[in-house]
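Lettering of chains follows the sequences in order, A, B, ..., and the numbering in each one begins at 1. Quick caveat: nothing in here was measured; it's all calculated off a predicted structure.
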Amino acid sequence: MYQHRARWMGVTVTGLLLLAACGTTSTTTTQPVAGGTLNIAFKDDPKTLDPAVAYDTTSWTVERALYNGLLDYKGFTTELAPDIAEAMPSITNGGKTYTFKIRKGVKFSNGRVVTADDFKYSWERMLDPKTQGPMTGGTFWGGITGAQDFFSAKVDHISGIKVVDANTLEVDLDAANQSFLNIVAMPFGFVLPKESVAAAGADYSHKPVGTGAFTLDKWTPGQLLVLKKNPTYFGKAAYLNEVDFQIGVTAEVGFLRLQNGQADLVEPDVNIPSAQYIQLNSNPTFKARIVTHPNVDIWFLAMNVNMRPFDNKLVREAFNNVVNKTNQLKVLNGRGAISNGIQAPPMPGYVPNYNPLGLDKNGQNLDKAKTLLTQAGYSASHPFPAQDLVYAHTNADSDNLAASIQQDFQQVGVTINLKGLSFPAYLDITGKPNSTALSYNGWIQDFPDPSDFVDPILTCAAADVTANGANQAFYCNKQLDQLADQARGDVNTSERLKLYQQIQDIVAKQDFPWVPMYSTINTGVSSTRVHDYALHPVWPLVLTNIWLTGGK
Amino acid sequence: MMESRSDSTWLPIWYRFRRDRLALGGGAFIILLLLIAILAPLLPIRNPNHGYYELLPADGRPLAPGSAFLLGSDAIGRDLLSRIIWGARVSLFIGFVANGLALVVGLCVGIVAGYFGKWVDMILMRFTDVMMAFPVLLFSIALIAILQRGGNVLVIAAVIAFIYWTAVARIVRGQVLSLREKEFIEAAKAGGGRPRHILFRHVFPHLVPVLIVYGTIGIATSISTESILSFIGIGVQPPTADWGKMVSDGQGYLFVAPWLVIFPGLMILFTVLAFNLVGDGLRDALDPRQRALSRGVLGGVSAGGQALASGVRPGLEAESA
C-alpha cells in the first residue's frame, strides 16, 4: 500500500512473533470492563467505507471494525487464522485450488446469514471495473482463473470463484501463489450483503453493512463518525459500547486533547509526528504509554528510468551514493533503521546490514558519486540539470526530510528543488508515466510477505500503466519478472526467499531504480484511561481488545 | 508642482511626524529591518538552509538558544537567527511588491471611477464590490490553486495585490469624488485642460498623502496575509525561510521548543506593528485635522489583523473614517 503516513508492519518469522507482545500497553492485573465511548481524533474523513474501493489506512481503520473476511490474523500476530471461514482452507491441485468452509450462523448487521454466495458477489463486485476499485487489475486477484477475462468485461462472472454449496466456496488459480491467503485476508476480501449495496446505491460508502464487531451509527463528514457495538457480532464482543471519530482535528490539537483526556487516540493509523513524539517523551506519564513496533516498510527515492537524466544507469548509481540516511532518521527521532536494499527488517529473508555498494555508515560515498557523475558526462561546463523532488506533504516532517536530501545533493553539485504536494496530487503525478523524474516514496506491506515488496512496485506489469501506477520508477526488467513469477509459486520457503534475495541484488546492485533509504519503527500512544491498546502488525487499529477504566 | 511643494509642505509634516515617538520607533525598526534584510548575504551568519544534523541529539530534539545557536535551532539543525534574518527578505519583499501592485491598480481604478463618475463609476465600483465580497483566505487559496504556483513569491505577491487593490480603489474614488467638485479643478476644466492633464497635475498630488498612509498600513496587512498563507501551507515553500512557515512548522514543538514559534512570531508582530505605527503617525502628520478621528479607527496595531480575521478589508474602515 502507498505510504505517505506510516502504517503498521508485519512479522512472519515465528521467532519474532513475541515482539508483538511488546506492543501491548502495560496494564495492571485489573480485569477488562465493558462499556464506554472511545474518542479517536482524525484530521480527515475516511475516503470511503466501501471495502472494494478503499486503499488507505484511515479507511481501513474504520472498515476493520465494520467487516470481516474469510481469514484474519491471529491476535496481534501475523499468523493467518480463520475468521468467517470455519477453518483454514484445504489447498489441493498443486496449490491452485482453495476450498473454504464458511462458518454457520454468521450474520450481517441487517440480520441475514452470510453464505458462500455473498463472497462470490462481494469479490466479483470488488473486481468489477465498474466499481472502479484499485484491485480491478494487477497480480493480487488477477491470478484467479477467469479474472483477466472479467477485468476486460468479456465475461459476467469469474469462473474461478465457485459456490459449491451455501457453506462452501472454491477458488481456482491459474498458478500457485504463496501469498494468496494473505491477499484473501486483505480488506478487499471483506464480505458485504448484496441487498444493502443495491438499496444504498452510490451512497453505500455512507450506509455500510457488514458482519463486524461494530456498526456505523452516524457519519457527518468533516465532523463526527460514530460506531456502535454490534449486538449480533459472531466473534468475541468488543468491550467498548461506542467509538467516536472526531474529524477535522490536526495532530497538534489532537495530541493536546489526548493529554487532557479529551481524545483517547490520535490518528492511530500513522506514526506519531516528530514534534509530538518529542513532546510526549518529555512527559513521564505519556512517555511510559508510548508503544512501539517495527514497520514492514521501505522509504526510497524513485528515479524514473524512462526519463532524463535517470535513463542513464550511471546517474542512478551515483544517486545511490549521496543520501545521508542517518540524517533522514534523525528527522524521525531515530525511529527506524537505514536501508540499502528493498526489504524491511522484520520481513522473512531480510539480510541484515545489506550493503552491496560498500557505502559508509550513513549510506554515502560522495567521492564515488562525483566520479560516477563525471563518467556520466557531467562536469563544471556541463552541469547536472536541476531536479524537482516530488514528495507528499503530510506535516513538517515531510518538508524536513526533503530538505535534508536537498542538502545532501548540494555536496555533489546537484541542485534539487523541493516540490511538496498533497497526497492525492502526489499519487496522481507520480503514478503517470513520464511525468515525474524523481520522487520520495514509502511503501508499506499490504500483507507480511516479500512478494508484496516486488509484485506491485518493481515488476513490468506494475510499470505498464497509464495512471495510478505504484511502480514509480517505471522500472521493468524481464529477468526480475521471471524470478518474481517463480518465487510467487515456490513452496520451498528457503528457496523462495533466496529468489527474493536475487531480486534485491538486481535492484540494489545492478539496475538502481531506487535510492533505498530506511525502514521505520511505528509508535502509538493512548490516553490514560485506555487499557490494552496495542499496535497490530498488519491492521491500522484493532478495537476489540481496548477497554476503558471503569467502563466509561 | 510636487517639486515646488517639497520644502514648504513636507518639512512641517516631518516636524509633526517626529513628535510621535511610537511612529518614530516603528520607522527606526523598519529601517533597521530593511538594512538587515538587504545585507543578509553579507552578514556573518550561517546559511539559513543548512541543517547542522551533527549538532542535534539523537532524538532530533531542536537545540535551545545558547552558544551553538544564538536563537536556537529548528528540528533539522538550521540556525533560527539566520532563518529569521532571511525570512525578513521574503516578508518585506512581499510587503512592498504586493502593496505596490495593489496601490497602482487601486489608484487607477479609483481615480477613473471617481473622476468620470456615471456608468464608468457604476461598473468599476460594482466590480470592486464583487471582489470585496470574497472571503480573503478562501479567495487566496482558490487563486493559488488555480495558478498552481504555490511557493513562487511573485505569485504570492500578485495574489495578495489582487485581493487588496479593492480597498485602495474605494479610498481613492472617495477622495476623487470630493476633489472633483473643488474650485481649482473646475478652473482647470474651464481652462480647457484635458482629463489626463487634470488627473495627473491637479488630482493626483492631492491623493499622495492618502496613498502614503494607506501604503504603509497596507504593507503591514500584506505581510500578515503572506504569513497566514505560508502558515496554512500555500505560501512560500520549503526550504525558503519564511516567518509564517516557521511558526507553522514550529507549532508542534510549542511545549518543548517554544523558541521556534516565539521568535518568528514576534518578528511578524513587531514588523506589522511598526508599519501600522508609521502609517498612523504619517496620517496624523499629513492631516492634523483628522487626528482625533483616526485614533482607534484606522490607527493602532490591530487594523490589519482584525480586518483580516473578520474578512473585512481595512479599506472599509478607512473609507468610513
Once you round to the nearest 0.5 Å, how far does [atom1] of [X] lie from [atom2] of [Y]?
X: B:K245; Y: A:D399; atom1: NZ; atom2: CG; answer: 4.0 Å
X: A:S274; Y: B:Y253; atom1: OG; atom2: OH; answer: 4.5 Å
X: A:Q279; Y: B:L254; atom1: CD; atom2: CG; answer: 8.0 Å
X: B:D74; Y: A:N400; atom1: CG; atom2: CG; answer: 6.5 Å
X: B:Y53; Y: A:D408; atom1: OH; atom2: CG; answer: 7.0 Å
X: B:F255; Y: A:N283; atom1: CZ; atom2: CG; answer: 11.0 Å

* To do: Decide salt bridge (charged side-chain N to carboxylate O under 4.0 Å, His left out) for A:K330 and B:D59; before the verdict, give the C-alpha distance in whole Å, the side-chain angles of both, and the deciding distance to 0.1 Å.
  => CA-CA 6 Å; A:K330 214 164 208 180; B:D59 70 351; over 6 Å; no

* Measure A:Q410 against the heavy atoms of chain B and call it side chain, backbone, both or neither at under 4.5 Å. =>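 Contact with chain B: none, neither part.
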
* **Region of A:L256 in contact with chain B, defined by heavy-atom distances below 4.5 Å** =>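 When you check distances to chain B, only side chain atoms of A:L256 fall under 4.5 Å.
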
* **Among the listed options A:A402, A:A396, A:G420, the residue most often paired with chain B at heavy-atom distances under 4.5 Å** =>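 Sorted descending by pairs with chain B, the first entry is A:A396.
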
* **Per-residue contact mode, B:N47 against chain A (heavy atom under 4.5 angstrom)** =>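 For B:N47, neither part sits under 4.5 Å from chain A.
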
For residues 133-145 of chain B, which side-chain N or O atoms pair as donor and acceptor with protein atoms under 3.5 Å away, sequence neighbours left out?
residue: B:S140; atom: OG; partner: B:V136; partner atom: O; Å: 2.6

* **A:Q407 side chain near B:P239 side chain, heavy-atom distance below 4.5 Å** => no

